[in-house]
Amino acid sequence: MKRERPLFEQIYELVRQIPSGKVSTYGRIAQILGTCSAQMVGFALAALPEETDVPWQRVINRFGKISPHGHGFGTVIQKTLLEEEGIRFDLSETVDLSVFGWF
DNA sequence: CGGCTGACTCTGG
DNA sequence: TCCAGAGCCAGCC
């Protein structure tokens with residue numbers, strides 16, 4: 001049976017494929033899927049519950065920085081989770097995509 | 001079907 | 001890398 005899964009789940013599966021210690025960008029995900037825009041990727045991750053098997057924290061914007069998605073708390077958690085994975089941040093919460101960037 | 005929204009990205013300054 | 005404006009497209013009401 002064909003499962004016309006929403007675009008969201010397609011994004012989730014792709015994010016799950018990101019290895020530990022690596023990060024990706026919204027634009028990258030959107031480009032790989034080729035059927036959505038970067039904003040949809042962020043929108044999809046925003047809809048994720050706190051308990052999920054999707055490493056949404058490994059997805060950041062094109063500058064390698066975490067987006068201030070409103071509340072502000074999640075942003076801090078995201079940075080902490082990435083550091084636990086071994087990712088280094090700049091003095092300005094910036095990640096070196098040349099080193100930690102997926103692909 | 002149409003309008004609104006969003007954790008983005010690009011271009012120009 | 002910052003500010004402002006425009007484009008982007010699926011999901012929801």
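Naming convention: chains lettered A, B, ... in sequence-line order (proteins, then strands); numbering from 1 in each chain. Worth knowing before you read on, the calculation uses all heavy atoms, side chains too, and leaves out hydrogens, waters and symmetry mates.
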**Request:** Mind calculating the distance between CD (A/Glu50) and P (B/dA7) to the nearest angstrom?
**Result:** 16 Å
**Message:** Taking A/Arg88 first and then A/Glu83, would you say they form a salt bridge - that is, a charged N and a carboxylate O separated by under 4.0 Å?
**Reply:** no
**Message:** So, using side-chain hydrogen bond (donor to acceptor under 3.5 Å, both in side chains) as the criterion, who are the partners of A/Asp90 when residues are at least two apart?
**Reply:** none
**Nucleotide B/dA7, atom C1' - distance to CG of A/Asn61 in whole Å** = 9 Å
**Request:** Would you kindly give the CZ-to-P distance between A/Phe43 and B/dT9, to the nearest whole Å?
**Result:** 16 Å
**For DNA chain C, the dot-bracket pattern of Watson-Crick and G-U pairs whose distances stay under 3.5 Å, | for other-strand partners** = .||||||.|||||
**Request:** Classify the nucleic acid contact of A/Ser92 as base, sugar-phosphate or nothing, counting any heavy atom under 4.0 Å across all strands shown.
**Result:** nothing
**Message:** What is the separation between atom OH on A/Tyr26 and atom P on B/dC8, rounded to the nearest whole Å?
**Reply:** 6 Å
**Message:** Under 4.0 Å from a heavy atom of chain A: give me the 5'-most and 3'-most nucleotides of DNA chain C that qualify.
**Reply:** C/dT1 to C/dG11
**Distance in angstrom units between A/Phe8 CZ and B/dT5 P, rounded** = 16 Å
**Prompt:** What is the distance, rounded to the nearest whole Å, between atom CD1 of A/Ile60 and atom C1' of B/dT9?
**Reply:** 15 Å
**Message:** Assuming nearest nucleotide by heavy-atom distance, tell me which of A/Arg62 and A/Gln78 is located more 5' along DNA chain B.
**Reply:** A/Gln78
**Prompt:** What is the distance, rounded to the nearest whole Å, between atom CE of A/Met40 and atom P of B/dT5?
**Reply:** 15 Å
**Prompt:** Hey, is CD on A/Glu93 packed in by over 12 heavy atoms from elsewhere, all under 6.0 Å?
**Reply:** no
**Asked** Base, sugar-phosphate alone, or nothing: which one does A/Leu7 contact when heavy atoms must sit under 4.0 Å apart?
**Response** sugar-phosphate
**Message:** In whole Å, I'd like the distance from the CG atom of A/Leu97 to the C1' atom of B/dT9.
**Reply:** 14 Å
**Message:** Under a 3.5 Å distance rule, please check whether A/Tyr12 uses its side chain to pair with a backbone N or O of A/Ala44 as donor and acceptor.
**Reply:** yes
